[in-house]
Q: 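Before I ask anything, here is the structure I am working with.
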There are 4 protein chains.
Amino acid sequence: MDESADTMSADELVSPATGRPLTKRGEATRRKLLEAAEAVFADLGYHEASIVKITERAGVALGTFYLYFDSKQTIFEALVIDLNRRVRHSMSESMAQATDRIEAERLGFEGFFRFTAAHPALYRVVREAEFVSPATLRIHYERIVEGYRAGLRAAQREGDVDPALDPEVAAWALMGAGELIGMRYLLWERDADGRPPARIDDAVIDGMTRFIGNALRPHTAGTPTLMQERESDDD
Amino acid sequence: MDESADTMSADELVSPATGRPLTKRGEATRRKLLEAAEAVFADLGYHEASIVKITERAGVALGTFYLYFDSKQTIFEALVIDLNRRVRHSMSESMAQATDRIEAERLGFEGFFRFTAAHPALYRVVREAEFVSPATLRIHYERIVEGYRAGLRAAQREGDVDPALDPEVAAWALMGAGELIGMRYLLWERDADGRPPARIDDAVIDGMTRFIGNALRPHTAGTPTLMQERESDDD
Amino acid sequence: MDESADTMSADELVSPATGRPLTKRGEATRRKLLEAAEAVFADLGYHEASIVKITERAGVALGTFYLYFDSKQTIFEALVIDLNRRVRHSMSESMAQATDRIEAERLGFEGFFRFTAAHPALYRVVREAEFVSPATLRIHYERIVEGYRAGLRAAQREGDVDPALDPEVAAWALMGAGELIGMRYLLWERDADGRPPARIDDAVIDGMTRFIGNALRPHTAGTPTLMQERESDDD
Amino acid sequence: MDESADTMSADELVSPATGRPLTKRGEATRRKLLEAAEAVFADLGYHEASIVKITERAGVALGTFYLYFDSKQTIFEALVIDLNRRVRHSMSESMAQATDRIEAERLGFEGFFRFTAAHPALYRVVREAEFVSPATLRIHYERIVEGYRAGLRAAQREGDVDPALDPEVAAWALMGAGELIGMRYLLWERDADGRPPARIDDAVIDGMTRFIGNALRPHTAGTPTLMQERESDDD
DNA sequence: AATGAATGAGAATTCATTCAT
DNA sequence: GATGAATGAATTCTCATTCAT
């Protein structure tokens, strides 16, 4: 997996202290910190992690941290954005193999699962953003949904996906389904030796595929009319 | 909504300090603490919350806390378990109205959304358990999945749900879908006045209903065969 | 000198943390902290002083500090107000011995000098307030000026002090004169052994007395007309 | 006011790093640093000021600072000495206008007030020296007192000033009086718009003039005898 | 001469938990 | 049962100073 090729989007990095662009040496140190932060947050979660632990792991002095990041929260956010880029990269690489639209969606999941399996602890980092930096989590989800939605729309135009589906709603539903499946069968699962699995069990993948296929594929007849009887239910 | 009838499962409460069962007065204090904790955790999240804030809100002295709970984590766990009970109550109450199996699933979602809408900040508490007490979150999810799975199995036996679906996998997928939809359209959404909506927009509910209906309903022909060509993909 | 009788004005002390009134034990601890702070600020000045040093000197744990004071600045301010009370006490005790109005003013200085000589390092604390908490320094000066001004007014009514003097301006001038004399001849002066003097040299007291006497006493004739030629001089 | 003509006494400046005399370019950089330091110390006070802020304001790199000054304290001291020169310049320029001895003293005050009014924040810098570099503050005060004392002595010889006054003591008293009046009526005073006044109110100047005139002028008869009854008062 | 990255000691502050009353 | 004072480890962040380039 080469998604970690570059660790950070490089658009004009500047020192938060001086506001000046980084020198080459500075950029290298910044990268060391980001990599250390990734490891530490994955091991300990956001709240157990500390800046000392990050700088120790990066092999730099404590004060150096503040040359590159304003706070623990700042580096966390940078990391989430970076991880988002890498997950999407893994997903789109996977989807590129697809021969049809629905298969593409399925392969998107596989790319997602592959990333999660390769960095089991890391995906936890992303989810913790809900409690650390909600705005950043929104960005993460919205960027993924955006890809899904575009794919679903295109598939609807070509008749591969049920035209009655709302692509936005379906995209959020699919992402949620994928996350929980990933959490349940990758992060919680342990094999006989107590180790996390390298990939999701085939049976689960089959189940997931069927579920997605059902949900998305166009249906000829007898389609749902249930919602007609929805009445205004309140508490 | 009467799901808050009793705030805590009451099976033989004992003081963690003395190990003795609680007196009536003791039970009242314990309940006050739990209610205060609910409010404080909802307002501030787990890490910003503090024992002093909880005891202040409960109107008891700091030391009193440790008469009833071992630690901040303990009371948090008690709260999550309690919330789980209340969410499931809301769901099953809703499902009881259903006239058919698939509608029951849809109504389950509505019960879930209703609870979330009524206590927007509270459901955040449950999700935060992933980072505070993962074991407790598993319990929460598993209890919900259990209900789903049983429902799906029964529906499959009666031919209302696609027999090819794995009920366990489908249950996790559905729950994930529901959570993300809830988060997106209840917790993040704001109306014109910047207030969270009391309920999910009808169009979204329709979209969700279609999605679920598709995913679950039995399909006569041309069913997915895509997975046959799944090959061992690695990193 | 008994001006240190009570170390703190006692009007309803409350914990800054809980806002509740202090118990007897709490008040004792608070006093210990205040006394330690007095010593530490006097030894080291505001910026070299630290909360650890204060609590170590007080013999309490670091965290205890925050049960009684919000910050280093807060305890400093409390101390300045307290010292102000004690200086004024020393001054008014001294003035009570006077047999005439002008002598009273002179004795006021002596009371001030006596306090400064008894706590040489301490008066530095008060002056440092200019840079730490200007508002508190204003309070300090204004309280002293208030006393002066009242005394001068009364003396003017009885014909003991030049009726042409502005009592407010004269009060500030006198206070400034006293402070600098005190600084020069008490805080800077060292005797043969390098020790600060216990009192100001008589010759200086005489000089000061003459200066004050001149400045305040009514003058029969040839009084100043200098200001007539003051013209609007600007930069 | 041209007192800022040269910002630093120029007797053979050398680099503290190399010990070598400064080049022309070096002197320019040194001056930039000193001017920046003046602004930063005035804005923030000694402790809030930082070397980075000074170098940023000067538009040079952080490391450059140590080419010209040994430490933060060093540059502060250099600044105080410089300000002292400028205050005295302002005072003597003012005194040169006087037609008699006592008026000269009054005009000295006006020069002092004019400087303070023109650089309200700056005079604070000088006073802060008491806590940063007491030795430097002594130099500052002693240089001013020296001028006063000489003036008073000359005036006494010519019979313009009370011969019974101790010129040294009177000088310190006058300086203290001037400082507090300046602080009270220039630095604390705010006009209707909340802005510091450009000059001291005439009434205050009049009051001050009367005070000084009284204190210094020779008095024909009935002069103070109060001090004869001074007895050794101790604690 | 000038640069700016790196350093690390030191500061203030928080808070879960204990325990004597 | 209830109280609330005391504890102290741990955390984040600042900044004067050094030094390799």
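Note: hydrogens, waters and symmetry copies are ignored here, and every other heavy atom, side chains too, is used. Only a predicted model underlies this, so the values are computations on that prediction, with no experimental measurement involved. Quick note on labels: first sequence line is chain A, next is B, and so on, each numbered from 1.
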Q: Atom CD of residue position Gln73(A) - does it have more than 12 heavy atoms of other residues, nucleotides or ligands inside 6.0 Å?
A: yes

Q: Mind calculating the distance between CG (Leu67(D)) and P (dT18(F)) to the nearest angstrom?
A: 13 Å

Q: Show me, range against range, the stems involving DNA chain F, built from at least 3 consecutive Watson-Crick or G-U pairs below 3.5 Å.
A: E:2-21 with F:2-21

Q: Side chain of Ala61(C), heavy atoms from C-beta onward: which of dT7(F), dT7(E), dA2(F) has the nearest atom to it?
A: dT7(F)

Q: Quick check for you: to the nearest 0.5 Å, what is the distance between Ile51(B) atom CD1 and Glu56(B) atom CD?
A: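 Result: 12.0 Å between the selected atoms.
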
Q: How long is the line joining CD1 of Ile75(D) and P of dA16(F), in whole Å?
A: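 Rounded to whole Å, this separation is 12 Å.
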
Q: Rounded to the nearest Å, what distance is computed from the CZ atom of residue Arg30(B) to the P atom of nucleotide dG1(F)?
A: 13 Å

Q: In this structure, how many angstroms lie between the P atom of dA1(E) and the NZ atom of Lys24(D), rounded?
A: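 Distance, rounded to whole Å: 13 Å.
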
Q: Distance between the C1' atoms of dA1(E) and dT21(F), in whole angstroms?
A: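 Comparing C1' positions in dA1(E) and dT21(F) gives a spacing of 13 Å.
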
Q: Please tabulate the protein-to-nucleotide N/O contacts below 3.5 Å involving nucleotides 15-17 of chain E, giving atom names and distances.
A:
{"unit_1": "dA16(E)", "atom_1": "OP1", "unit_2": "Lys72(B)", "atom_2": "NZ", "d": "3.2"}
{"unit_1": "dA16(E)", "atom_1": "OP2", "unit_2": "Ile51(B)", "atom_2": "N", "d": "2.8"}
{"unit_1": "dT17(E)", "atom_1": "OP2", "unit_2": "Tyr66(B)", "atom_2": "OH", "d": "3.3"}
{"unit_1": "dT17(E)", "atom_1": "OP2", "unit_2": "Lys72(B)", "atom_2": "N", "d": "3.4"}

Q: Do any N or O atoms from the side chain of Lys72(B) and from the backbone of Ala49(B) form a donor-acceptor pair under 3.5 angstrom?
A: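 Yes, Lys72(B) side chain to Ala49(B) backbone: donor-acceptor pair under 3.5 Å.
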
Q: Roughly how far, to the nearest 0.5 Å, is CG of Leu34(D) from OH of Tyr68(D)?
A: 12.5 Å

Q: Taking 4.0 angstrom as the limit, do Asp43(A) and Arg57(A) come out as a salt bridge?
A: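 Yes, this pair counts.
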
Q: OP1 or OP2 of dA6(F) less than 4.0 angstrom from a side-chain nitrogen or oxygen of Tyr68(C), does that happen here?
A: yes

Q: Between P on dA2(F) and CD1 on Ile54(B), what's the gap in Å once rounded to a whole number?
A: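 In whole Å, dA2(F) P and Ile54(B) CD1 are 17 Å from each other.
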
Q: I want to know whether Phe76(A) and Phe41(A) have ring centres closer than 6.0 Å.
A: yes

Q: Going by salt bridge (Lys or Arg N to Asp or Glu O under 4.0 Å), name the residues that satisfy it together with Glu130(A), two or more places apart in sequence or in a different chain.
A: Arg127(B)

Q: Under a 4.5 Å cut-off applied to non-hydrogen side-chain atoms, are Phe131(A) and His47(A) in contact?
A: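 No, every pair of side-chain atoms sits at 4.5 Å or beyond.
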
Q: For Leu33(B) and dG1(F), what is the distance between atoms CG and P respectively, to the nearest whole Å?
A: 13 Å

Q: Find the distance Glu56(B):CD to dA5(F):P and express it as a whole number of Å.
A: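 For the pair Glu56(B) CD and dA5(F) P, the rounded distance is 12 Å.
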
Q: Determine whether Phe65(C) and Val60(C) make a side-chain contact, defined as any pair of heavy atoms from C-beta on separated by less than 4.5 Å.
A: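 No - every pair of side-chain heavy atoms lies 4.5 Å or more apart.
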
Q: dA20(F) phosphate, OP1 or OP2: any side-chain N/O from Arg25(A) under 4.0 angstrom?
A: no

Q: Between P on dA11(E) and CG on Leu44(C), what's the gap in Å once rounded to a whole number?
A: 10 Å

